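Note that the structure is predicted; figures quoted are calculated from it, not measured. Just follow the structure's listing: the first ligand is 1, and inside any ligand the first atom is 1.
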Amino acid sequence: MKYAPVRKAVFPVAGLGTRFLPATKSIPKEMLPIVDKPLIQYAVEEAVEAGIETLVFVVNHKKMAILEHFDEDADLQSHLLVQGKHDLHAQIRDIIPSSVSTAHVIQEEALGLGHAVWCAKSLVGDEPFAVLLADDLIRSPATGCLKQMVDAYRATGVGSIGVEKIPAAMTDRYGIVSVQADAKGRDYIHAIVEKPAPDVAPSRLGVVGRYILPGEIFGLLESVRAGVGGEIQLTDAIAALLENEQLLAHAFEGIRYDCGSRQGFIRATVDYALGHDDLRDSLLEYFATLV
Ligand code: G1P
């Protein structure tokens, strides 16, 4: 991977969100809030913290609420000002910094994550870029997961994929990587497989939705065939990329919540709520009445 700064991040947000039906019948799953902020905003904030300058949303026609969320809303802003709600006004005004731009592309058909990323090709060009899956919500102690990865990329010139150890029985829910450590203890990805059954999985290292990839991936996405679930898989293009390029497995610092599942979503809601000073004590009191 020729070094060039990571300036763009792709957010594939055209998925159907069937696990949250009926809530997601008309609301994109990425707009479901954890406490008071939609999932997509957490991912966008993580990208902005990592120095991303352009946010590329891959949407479908039913997901326009995501684009509206990041649009300026002058009426709401003046309304909040008139009401003297200055904190809220600042939050809405600064939802993304003015130095960061947004772009979007429509994914006409739900053909898979790989296809969604490929749809961003003309907006990304051939430079290295990030991919963030908003339903993987990652809460990091100090530095956000993508910034950790961008920092590693700056130091090594090698892209990476976020990984974490998962239970052996759950390999068929994730991309799974096997790694080889170099002398400095960096884990280079040796192989990657999409959702293998536990008995054939090469390891228990599961892919989480954070990637720094070179622009070459777009050419590979064009030639991969439909894989697991009949979908064009990003994992399969990454497997092809590994024939010529190195990628690191980034075991991030932080906790990942699988907000694509109800259990992960509820856990995230509880943990994030406990992180709010104005909610913590009353919630703990309430929990004490339950156990
Ligand atoms: C996608 C990827 C998979 C990865 C997962 C992380 O799967 O294809 O490799 O482990 O995201 O959330 P999906 O959750 O879209 O089925």
Any idea which protein heavy atom is nearest [atom], and the distance to it?
{"atom": "atom 11 (O) of ligand 1", "answer": "Leu133 CD1, 3.4 Å"}
{"atom": "atom 2 (C) of ligand 1", "answer": "Glu194 OE2, 3.6 Å"}
{"atom": "atom 13 (P) of ligand 1", "answer": "Lys195 NZ, 3.6 Å"}
{"atom": "atom 10 (O) of ligand 1", "answer": "Val207 O, 2.7 Å"}

Report the part of [X] (side chain from C-beta onward, or backbone N, CA, C, O) that has a heavy atom under 4.0 Å from ligand 1; answer both or neither where that applies.
{"X": "Gln233", "answer": "side chain"}
{"X": "Asp135", "answer": "neither"}
{"X": "Asp136", "answer": "side chain"}

Can any side-chain N or O of [X] pair as donor or acceptor with the backbone N or O of [Y] at less than 3.5 Å?
{"X": "Gln107", "Y": "Glu109", "answer": "yes"}
{"X": "Arg210", "Y": "Gly162", "answer": "no"}
{"X": "Asp172", "Y": "Ala197", "answer": "no"}
{"X": "Thr24", "Y": "Ile27", "answer": "no"}
{"X": "Gln148", "Y": "Glu253", "answer": "yes"}

I'd like to know if atom 7 (O) of ligand 1 has any protein heavy atom within a distance of less than 4.0 Å.
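Within 4.0 Å: yes, protein heavy atom nearby.
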Quick check on contacts: which atoms of ligand 1 are under 4.0 angstrom from a heavy atom of Thr235?
9 (O)
Is there at least one pair of N or O atoms, one from Gly175 and one from ligand 1, spaced under 3.5 Å apart?
yes
Hey, do the aromatic rings of Phe218 and Phe129 have their centres closer than 6.0 Å?
yes
Exactly one of Val6, Val131, Ile161, Leu248 clears side-chain contact (heavy atoms from CB on, under 4.5 Å) with Ile212, and that residue is Val6
